[in-house]
S.K.: 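Before I ask anything, here is the structure I am working with.
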There are 2 protein chains.
Amino acid sequence: MNEVRMPRNLPLLLLQAREAVISHFRPLLNHAGVTEQQWRILRALCELGELEPRQLCDICQILSPSLTGVLARMEETGLVARRKVDSDQRRLLVSPTAKGRALVKRMAPLVQQQYRLLEETLGADLMRDLYAVLDRLVAARDTPVARVPLPAGRQAGRRKEPSGD
Amino acid sequence: MNEVRMPRNLPLLLLQAREAVISHFRPLLNHAGVTEQQWRILRALCELGELEPRQLCDICQILSPSLTGVLARMEETGLVARRKVDSDQRRLLVSPTAKGRALVKRMAPLVQQQYRLLEETLGADLMRDLYAVLDRLVAARDTPVARVPLPAGRQAGRRKEPSGD
DNA sequence: AGTAAATCACTAACATGTTAGTGTGTCAAG
DNA sequence: CTTGACACACTAACATGTTAGTGATTTACT
């Protein structure tokens, strides 16, 4: 009895929604031999030109440590090229190679057609509403939100015991 | 010139939207010593009772190989218990332990309050529209969608060369 | 100039995502 | 009764997500 009342799980709902969409594109990407992340990066580079890693992190929603590995693999397979910036030795610039651009050019029509097929099934109105609502949500990304105070109490088994430090 | 025309990246937009939401809850989960996946599983078990792994996969959007490891770790830390089903030796049943239920009971009010704070910022109308659109999308999850034909042509460097087999 | 703070890509360690394949158990057709 | 198709949890191998921390710069301030 006395079930714990919980709000709906919005992150899970967004995850399910994403899976409902990406599942129709995964076969295409697999067939082209690129991962979802590699495809996001390649798209961004072809649309926006040479970018820095931190920009790719922002745009492609990939954390810096992940990006390091992804870019290394993409350089291995010849999809992108990295070069250092003279004016700032910390920074790096990533650009798509001819091979990478060719892949995007080859895939673009297929992706576009799959979008059309998806819209045929879901309905143009749902697609429109979807973009509209998500744009509103993402636009509010930078708006500060208050945080609930964290209780200082005991926790379940954590990865690292902070011990006394 | 002649830029390749591409539709908007809907999976990326959904990923950004999810991050915009989950970022406000991650500190809570970290503080409680559970991962997002563990929290999803624990919530599902506390709301729906004893479940089989494949049900958890469906509900929590976790693939079977991932779930195996997550459940093993949760059993280690005493959050869930696994038992075999007599009638079918293949199957398994997962249930929350007292410790797991206590964690959910402790976290629930904090999560709920954070949702209220988030809604205060985003606006109740956006939240309502968000749920409505996502529900429509997820509901159409099972509707079959036509697939673009995959060209038999060459691919970029793939993980495993199928060679001659 | 010189020092402290900030920035950037990166490494390390662990957890999860993704695909392919395995071993066991169940069930139905023959 | 047996054979074959199927379902289930699992393993293996690799790629990515997540957090903490590092070393090399660059910047702001003195």
Side-chain angles (χ1 to χ4, degrees), chain A residues 11 15 18-19 22-23 25-27 29-31 33-41 51-58 60-77 79 82-94 156-163 165, chain B residues 11 15 18-19 22-23 25-27 29-31 33-41 51-58 60-77 79 82-94 156-163 165:
Chain A
L15 198 60
R18 181 181 137 84
E19 181 60 26
I22 193 77
S23 62
F25 296 94
R26 216 188 307 263
L29 301 183
N30 280 349
H31 184 264
V34 290
T35 65
E36 298 170 27
Q37 293 79 2
Q38 292 178 345
W39 178 245
R40 289 207 298 274
I41 291 170
L51 291 173
E52 298 182 21
R54 51 194 189 77
Q55 294 176 294
L56 285 172
C57 286
D58 280 352
C60 300
Q61 204 70 226
I62 297 176
L63 293 176
S64 175
S66 296
L67 189 68
T68 297
V70 177
L71 287 182
R73 263 156 278 187
M74 291 179 77
E75 200 171 26
E76 285 274 335
T77 54
L79 293 175
R82 286 188 286 186
R83 68 178 184 85
K84 290 187 177 177
V85 176
D86 286 350
S87 64
D88 191 334
Q89 289 300 317
R90 294 171 303 181
R91 295 187 181 178
L92 219 59
L93 274 177
V94 185
R158 309 181 64 173
R159 289 190 267 180
K160 298 270 185 176
E161 286 292 337
S163 60
D165 185 21
Chain B
L15 198 60
R18 182 182 136 84
E19 181 59 27
I22 193 79
S23 62
F25 296 95
R26 217 189 305 267
L29 301 183
N30 280 348
H31 185 263
V34 289
T35 64
E36 299 170 27
Q37 293 80 1
Q38 290 178 346
W39 178 245
R40 289 208 297 273
I41 291 170
L51 291 173
E52 299 183 21
R54 52 195 188 75
Q55 294 177 294
L56 285 172
C57 286
D58 279 352
C60 299
Q61 205 69 229
I62 297 175
L63 293 175
S64 176
S66 296
L67 189 68
T68 298
V70 177
L71 287 181
R73 276 173 287 259
M74 292 180 76
E75 199 172 26
E76 284 274 336
T77 53
L79 292 175
R82 286 189 287 187
R83 68 178 184 85
K84 290 187 177 178
V85 176
D86 287 350
S87 61
D88 192 333
Q89 288 299 317
R90 295 171 303 182
R91 297 187 180 179
L92 219 58
L93 276 176
V94 185
R158 309 181 63 173
R159 290 189 268 181
K160 297 273 186 175
E161 286 293 336
S163 60
D165 184 22

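Since the model is a prediction, treat every value here as computed from it, not as a measurement. All heavy atoms count here, side chains included; hydrogens, waters and symmetry mates do not. Proteins come first, then strands; the chains are lettered A, B, ... in the order of their sequence lines, and each starts at number 1.
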S.K.: Respond yes when some side-chain nitrogen or oxygen of N30(B) is under 4.0 Å from OP1 or OP2 of dT19(D), and no when none is.
M.R.: yes
S.K.: OP1 or OP2 of dA9(C) less than 4.0 angstrom from a side-chain nitrogen or oxygen of R82(A), does that happen here?
M.R.: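 Answer is no, no contact under 4.0 Å.
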S.K.: Could you tell me the separation between the CD atom of Q61(A) and the C1' atom of dT18(D), rounded to a whole number of Å?
M.R.: 13 Å
S.K.: Considering heavy-atom distances to DNA chain D, does Q38(A) or R26(B) have its closest nucleotide positioned more toward the 5' end?
M.R.: Q38(A)
S.K.: Measure the distance from NE2 on H31(A) to P on dT19(C) and round it to the nearest whole Å.
M.R.: 15 Å
S.K.: Taking only Lys NZ, Arg NE, NH1 and NH2, and the carboxylate oxygens of Asp or Glu, determine whether R90(B) and E52(B) approach each other closer than 4.0 Å.
M.R.: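 Looking at E52(B) together with R90(B), the answer is no, because their closest N to O distance does not fall below 4.0 Å.
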S.K.: Are any of T68(A)'s side-chain N or O atoms less than 4.0 Å away from OP1 or OP2 of dC10(C)?
M.R.: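 For dC10(C), OP1/OP2 do have a side-chain N/O of T68(A) under 4.0 Å.
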S.K.: Using a 4.5 Å cut-off on heavy atoms from C-beta on, say whether the side chain of R83(B) contacts that of L92(B).
M.R.: no
S.K.: Does T35(B) have a side-chain nitrogen or oxygen under 4.0 Å from the phosphate oxygens OP1 or OP2 of dT16(C)?
M.R.: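 The answer is yes; a side-chain N or O of T35(B) sits under 4.0 Å from OP1 or OP2.
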S.K.: Output all residues satisfying side chain to side chain contact (heavy atoms under 4.5 Å, CB included) with E19(A), sequence neighbours left out; order by chain, then residue number.
M.R.: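 Here the qualifying residues are I22(A), S23(A), R26(A), Q61(B).
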S.K.: Phosphate oxygens OP1/OP2 of dT18(D): is one of them under 4.0 Å from a side-chain N or O of Q37(B)?
M.R.: no
S.K.: Whole angstroms only, please: what is the CG-P distance between L29(B) and dT16(C)?
M.R.: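 From L29(B) CG to dT16(C) P: 12 Å.
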S.K.: Which atoms of nucleotides 26-29 of chain D (N or O only) lie under 3.5 Å from a protein N or O atom, and what are those distances?
M.R.:
| from | atom 1 | to | atom 2 | distance (Å) |
| --- | --- | --- | --- | --- |
| dT26(D) | OP1 | Q89(A) | N | 2.7 |

S.K.: What is the distance, rounded to the nearest whole Å, between atom CG of L67(B) and atom P of dT18(C)?
M.R.: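 For the pair L67(B) CG and dT18(C) P, the rounded distance is 14 Å.
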S.K.: What distance separates L67(B) CG from Q55(B) CD, expressed to the nearest 0.5 Å?
M.R.: 11.5 Å
S.K.: If you look at every strand shown and take non-hydrogen atoms under 4.0 Å, does I62(A) touch a base, only sugar-phosphate, or nothing?
M.R.: sugar-phosphate
S.K.: CG of L93(A) versus P of dC8(C): gap in Å, rounded?
M.R.: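 It is 13 Å, rounded to the nearest whole Å.
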S.K.: Between E36(B) and L92(B), which residue's closest nucleotide on DNA chain D lies nearer the 5′ terminus?
M.R.: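 Closest to the 5' end, via its nearest nucleotide, is L92(B).
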S.K.: So, do L51(B) and L93(B) sit near enough that their side-chain heavy atoms are less than 4.5 Å apart?
M.R.: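 SC-SC contact between L51(B) and L93(B) ruled out.
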S.K.: Consider side-chain contact (heavy atoms from CB on, under 4.5 Å). Of L56(A), L79(A), T35(A), which one does I41(A) pass it with?
M.R.: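 Of all the options given, the one that passes is L56(A).
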S.K.: So, does R40(B) use its side chain to make a donor-acceptor pair with the main chain of C60(B) at under 3.5 Å?
M.R.: yes
S.K.: Establish, with yes or no, whether the OP1 or OP2 oxygen of dT16(D) is under 4.0 angstrom from a side-chain nitrogen or oxygen of R73(A).
M.R.: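 True: R73(A) side-chain N/O within range (under 4.0 Å) of dT16(D) OP1/OP2.
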S.K.: Please tell me which of the listed nucleotides, dT16(C), dA9(C), dA12(D), lies nearest to the side chain of S66(B)?
M.R.: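 So the nucleotide nearest the side chain must be dT16(C).
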S.K.: Is a side-chain donor or acceptor of R18(A) paired with a backbone partner of P11(B) at a separation under 3.5 angstrom?
M.R.: yes
S.K.: Could you give the CZ-to-P distance, from R18(B) to dT16(C), as a whole number of Å?
M.R.: 13 Å
S.K.: CG of L56(B) versus C1' of dC10(D): gap in Å, rounded?
M.R.: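 Going from CG in L56(B) over to C1' in dC10(D) covers 16 Å.
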S.K.: 5'-most contact on DNA chain C: L15(A) or P53(A), nearest heavy atom basis?
M.R.: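 Of the two residues, P53(A) wins.
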S.K.: Rounded to the nearest Å, what distance is computed from the CZ atom of residue R40(A) to the P atom of nucleotide dG17(C)?
M.R.: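 Result: 14 Å.
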